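Below is one structure, written out as structure tokens, with a few remarks after it.
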Protein chains: 2
Amino acid sequence: MDATRQCMSDQIRHALAERIYSGKLPPGERLVELQIAREFDTSQTPVREAFRELEALRLVESNPYRGTRVREVSPREMAEAYLVRGVLEQLAAELAAPLVRGKVEKLRDALDGIAAGAKAGDAKLYAAENLKFHRWIVEAADNRILLQSWEALSFETRIGLSVARSSPQELVERIQIHIDIANALDVGDGQTAGLLLRHHSHGLTSVWKDREANPVEPATMSKVSTDL
Amino acid sequence: MDATRQCMSDQIRHALAERIYSGKLPPGERLVELQIAREFDTSQTPVREAFRELEALRLVESNPYRGTRVREVSPREMAEAYLVRGVLEQLAAELAAPLVRGKVEKLRDALDGIAAGAKAGDAKLYAAENLKFHRWIVEAADNRILLQSWEALSFETRIGLSVARSSPQELVERIQIHIDIANALDVGDGQTAGLLLRHHSHGLTSVWKDREANPVEPATMSKVSTDL
DNA sequence: AAAAGACCGATTATCGATAATATGTACCGG
DNA sequence: CCGGTACATATTATCGATAATCGGTCTTTT
């Protein structure tokens with residue numbers, strides 16, 4: 001938002017978020033207030049405020065008098081998040097389609113990146129470009145609330161990438177659906193793009209749902225409503 | 001979570017949220033840290049922490065060195081929120097249906113409350129029961145992430161109550177769709193229930209879409225909309 | 001008179017210190 | 001040897017005071 005972050009608490013929040021997303025601070029890692037304060041050459045107060053904000057973003061978790069630590073995301077939560085993300089992106093596609101028909105150049109750029117990453121077996125590049133691809137669609141929907149809701153799930157999904165390992169071949173297989181999505185949006189077919197996105201996201205839940213004793217039950221996707 | 005809120009910042013957050021939801025603190029109202037601190041007989045620090053948490057809940061908005069105030073929700077945001085809520089509830093219905101088939105007693109209780117509120121023209125009752133109805137479905141989906149995403153929209157929708165107007169007759173007309181939704185869930189038809197929910201929520205966006213130009217006049221505030 | 005700048009009061013952001021609480025460890029009676 | 005209690009230690013929660021910044025007002029300059 002601001003180029004010049006004047007508030008120390010904002011700087012700290014930014015830095016910590018970066019470390020968490022990058023994996024430098026792994027899930028479960030304890031965050032000690034005075035320790036971080038010393039590192040940033042500041043006092044405890046701004047650190048605590050940064051914690052409160054990070055907590056709201058669900059990046060960290062804190063209990064009274066017991067401290068703050070990087071949040072752990074269970075497989076179940078991952079599966080749940082992908083279900084939600086699926087319907088959000090479906091809506092995004094439906095809203096975006098009429099607005100972006102014939103104007104999906106940027107989306108195809110990300111598509112190229114995805115393909116490059118997949119074929120090179122570069123999971124990091126794939127993840128970055130994939131995120132760019134999906135975000136573009138959600139932003140194109142021109143619905144701020146939708147974007148915020150979607151972003152609120154970014155932690156789960158981003159963290160997932162660094163945890164779940166998909167084979168290079170699986171990545172290559174996922175190229176096609178992204179191509180189909182881009183094509184559908186290009187011709188203004190939001191229904192199709194939406195369905196593809198929802199299916200795509202739903203498919204990813206299977207990666208997670210069997211990793212725990214009690215997996216989430218996905219909806220029957222065979223007859224997905226295409227209304228509205 | 002805890003019955004005994006030991007942290008002052010939690011107490012403050014709780015109290016302020018209550019006031020905002022109830023309307024005692026109207027949108028736009030400025031919140032001065034030391035003022036609130038004095039009122040709760042505490043210092044500035046816990047108040048600031050409460051602000052950070054409320055900000056994350058999007059109940060308040062703050063700018064560095066410029067203070068914190070109760071967030072204003074624009075008609076556009078309201079319309080956007082209902083679109084998002086629609087797909088979330090659609091997903092909720094699809095997930096919940098197989099789990100609640102034949103076990104929707106509680107839902108019908110809320111249904112009775114909705115009908116009673118509508119027929120009596122009791123907007124407040126209608127609102128409360130309506131909220132209960134929808135929340136029951138989302139909880140029944142047994143997806144914590146979905147519930148969190150849904151709750152994140154509660155501010156927009158709850159605040160809307162005090163701004164939007166619906167005639168008593170409109171409320172009565174909305175009874176039927178709730179009945180249909182409950183019936184569909186009762187027989188395990190999540191597809192139908194989901195579609196009805198999405199349509200229902202989508203329909204409410206129209207209430208907001210064209211309101212930007214002509215704001216509500218105080219005189220007509222008696223007709224309070226209570227839906228969702 | 002209008003624009004620019006300095007000043008003032010109010011409020012926020014941060015600090016250093018203190019109180020409160022949790023966790024781990026040694027000690028005690030059994 | 002074990003369960004349980006008191007103490008020591010580490011860390012969090014809060015406090016009171018100070019520094020930084022904003023917004024408006026009052027000059028000053030052209």
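Only this structure's heavy atoms are used, side chains among them; waters, hydrogens and symmetry mates stay out. Since this is a predicted model, take the numbers as computed values, not measurements. Chain letters run A, B, ... following the sequence lines, proteins first and then strands; every chain starts at 1.
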> Considering only D:dT14, C:dT14, C:dA13, which nucleotide approaches the side chain of B:M8 most closely?
Replying inline: D:dT14

> Nearest heavy-atom pair of A:A193 and A:I181: which atoms, and what distance?
Replying inline: CB-O, 4.1 Å

>> Can you work out whether A:D41 or A:Y65 has the more 5'-proximal nearest nucleotide on DNA chain C?
In response: A:D41

> Any side-chain heavy atom of A:Y21 within less than 4.5 Å of one from A:L59?
Replying inline: yes

> Rounded to the nearest 0.5 Å, how far does CG of A:L131 lie from CD of A:E129?
Replying inline: 9.5 Å

>> If the cut-off is 4.0 Å, is A:T45 near the phosphate of C:dT14, judged by side-chain N/O to OP1 or OP2?
In response: no

>> Parallel, tilted or perpendicular: which one describes the rings of A:H134 and A:H200, with boundaries at 30° and 60°?
In response: parallel

> If you check the B:S43 side chain, which of D:dT14, C:dT14, D:dA13 turns out closest?
Replying inline: D:dT14

> What integer distance in Å separates A:E49:CD from D:dA13:P?
Replying inline: 13 Å

> Taking the side chain of A:E33 as its heavy atoms from C-beta onward, which of D:dA13, C:dT12, D:dC15 lies nearest to it?
Replying inline: D:dA13

> Distance check: side-chain N/O of B:R48 vs OP1/OP2 of C:dA13, anything under 4.0 Å?
Replying inline: yes

> If you check the A:P46 side chain, which of D:dT21, C:dC15, D:dA13 turns out closest?
Replying inline: C:dC15

> Under 4.0 Å between a side-chain N or O of A:R66 and OP1 or OP2 of C:dT23?
Replying inline: yes

> From the list C:dT11, C:dT14, D:dT14, which nucleotide is the closest neighbour of the side chain of B:V32?
Replying inline: C:dT11

> Taking CZ from A:R30 and P from D:dT11, how many angstroms apart are they, rounded to a whole number?
Replying inline: 6 Å

> Between B:E151 and B:R135, is the closest basic N to carboxylate O distance under 4.0 Å?
Replying inline: yes

> What's the closest nucleotide to the B:Q44 side chain, out of D:dT14, D:dA20, D:dA17?
Replying inline: D:dA17

> In whole Å, what is the span from the CZ atom of B:R52 to the P atom of C:dT14?
Replying inline: 9 Å

>> Closest approach to the side chain of A:P64, judged atom by atom: which nucleotide of C:dA13, D:dA13, D:dT11 is it?
In response: D:dA13

>> In whole Å, I'd like the distance from the CG atom of B:L34 to the P atom of C:dG9.
In response: 18 Å

> Which is true for A:T42 with a 4.0 Å heavy-atom rule: it touches a base, it touches only sugar-phosphate, or it touches nothing?
Replying inline: sugar-phosphate

>> Could you tell me how far apart B:R38 (CZ) and C:dA10 (P) are, to the nearest whole angstrom?
In response: 12 Å

> Which whole-number value in Å describes the distance from B:L31 CG to C:dA13 P?
Replying inline: 13 Å

>> Nearest whole Å is fine: how far is C:dT14 P from B:F51 CZ?
In response: 15 Å

